Amino acid sequence: MVTHPREIGKTHIAVIIALFCFAVTPILLTEHFKEDNKHVISPNQLSGYSDISRPMYGEVLDYPYDVRLCPVCVGTSLCEAAKEGHLNITEKISIEKVLSGKLGSEDVIGKRLINNTLFYQFDKILCEIGRYDNREGCEIEDGLKHLFDYSQVRAGSRKTQLRRAFDKLVELGMNLRPSGPLLCGSDRFVDGLIDMNTNGQQHDSEEAMMGHYQAMMSFVLNPEGQLLKFFEDDIDFHFPRNYGECGRMVIVENGGRMLPEFLSSSWQERVQIVLDIFNLLDHFLTKSDDWLIFVPDINLGNFARAPSGDLILIDLEDAIIIDKKETGIANLDSLQFQLKGGKPCNMDCFTDFSDNIFAEPEKYCPLVTNYLDFQQAAVCLVFLTDYSTELLLDKDQVEFNVQSSTNVKTGGLLHDPPSDIRDQLNTLVSKCVTESVRGERLQAVNDLKDLLRTTLKSRKHEEI
């Protein structure tokens, strides 16, 4: 089964849109610009920019790779493999931007940074800002250089430059939303992510300059490929392997089976998945001395069970990266984030925070640690309740009444629990979704994990 991230454009879980609207807002497509490929910039539209053609790779690397538009792309590390037939991305999944294929014998996923509509808008904008002195033609590379002023890049103000570039694109008509890394990435994180693209080249070299531009373009449009490269040496972060790029496509490993496929699995297997989900989110918060990874988009299609057996996060675009050293956040040894005391934080509280972090990221990004239990609330609601059962059964839209969330019933991955723990499960999942005092949610999660471990152990003992 091919694994892919969430379906952009499809109606999303109502409560998650309410909680973190910036993280899951669908990209709106008009009928005129749907994925029909005819609106991608064609070579004869680039009459003033003939040097971007890459005849060495042949027509096979036109769509979906668009190598002819390099260096306004994400890279060419796998283009030779595609030319030689070792990389074949051919099967279009029912989700825009995402295709499947093979790299040698490995099942892989090809992800375009953004859909064709947005690439068309992006190329048009670069054409316009790349024209000067009444020159003819479409100078998209010059447009990229104007968008990301290299003098500012060299001055070390890359984070500011990224945000200015994003604002400029939106001002000129692109339907973009800021990614999590763009909102909260520290100077140290942004510098490290961009510098890894220079491939050891001298800072003033053309290769280093284009590596910077490509990294910054990815950061503004969709940083997922860059994030996978940044964290690829850290096995604790459980992301798909990034194999490389060709043109405007990032090639990653096929993540395995998505969680909805486990709805009919045994009770023991579903319990283990739930425990793995909580453990994975805990790892994102505690395992690195440098970075805290906060996942606001708790979506059934964003997690998968890899062939190795590991649970992995397969969509990183909206992950918020917090620099522990720059913000002074101490390592978090457990899920007890000192949230005890004060008013409870439930759906309306999380919604207010999402609005604030979007409006004033500099002020509110360091406060993410006060809202980390959002992930637990979302997991319980989206994965473990009768509400989530309807979602798992692929209902297009499910209404959720926040006022009644204290009386949720266990469902989803925990449907049909053993009768002797059903009432206790209902109570703990309800407290996880909606706490009455601050810190109650995290205690409920700990108690829930203990209960699930106990029932898992007892069932295994009974089978012996």
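The first residue in the sequence is number 1, and the count goes up from there. Source: prediction; values computed, not measured.
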Are [X] and [Y] side-chain neighbours, meaning at least one heavy-atom pair lies under 4.5 Å?
X	Y	result
Phe189	Ile322	no
Pro178	Phe166	yes
Asp107	Glu253	no
Pro260	Leu263	no
Ile357	Ile320	yes
Lys159	Arg163	yes
Arg305	Asp310	no
Gln121	Ile114	no

Under 3.5 Å, is there a donor-acceptor pair between the Asn222 and Arg112 side chains?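 Per modelled atom types, Asn222 and Arg112 side chains form no pair under 3.5 Å.
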
Does the pair [X]/[Y] count as a salt bridge with the N-to-O cut at 4.0 Å?
X	Y	answer
Glu128	Lys124	no
Arg158	Asp187	no
Lys229	Glu245	yes
Asp290	Arg188	yes

On a heavy-atom basis, which atom in Gly255 and which in Ile314 lie closest, and how many Å separate them?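 Where Gly255 meets Ile314 most closely, the heavy atoms are CA-CG2, 4.3 Å.
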
Determine whether a donor-acceptor pair (N or O, by modelled atom type, separation under 3.5 Å) exists between the side chain of [X] and the backbone of [Y].
X	Y	value
Gln226	Ile194	no
Asn115	Leu118	yes
Asn242	Val250	no
Arg441	Gln376	no

Quick check for you: to the nearest 0.5 Å, what is the distance between Ser288 atom OG and Leu292 atom CG?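 Rounded to the nearest 0.5 Å, the OG-CG separation comes to 8.5 Å.
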
cation_pi(Arg248, Phe119) dist<6.0 Å, angle<=45: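 Yes, cation above the ring, under 6.0 Å and within 45°.
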
Taking the six-membered ring for Trp, are Trp291 and Phe230 parallel (under 30°), tilted (30 to 60°) or perpendicular (over 60°)?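 Perpendicular, since the angle between the ring planes exceeds 60°.
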
Please find out if less than 6.0 Å separates the ring center of Phe278 from that of Phe383.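 Centroid distance Phe278-Phe383: not below 6.0 Å, so no.
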
Counting only heavy atoms not in Lys168, do more than 12 sit closer than 6.0 Å to its NZ atom?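 No.
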
Show, in sequence, the C-alpha distance, side-chain angles and deciding distance for Leu99 and Lys111, and conclude whether the side-chain contact (heavy atoms from CB on, under 4.5 Å) test is met. CA-CA 7 Å; Leu99 296 92; Lys111 293 185 176 183; over 6 Å; no

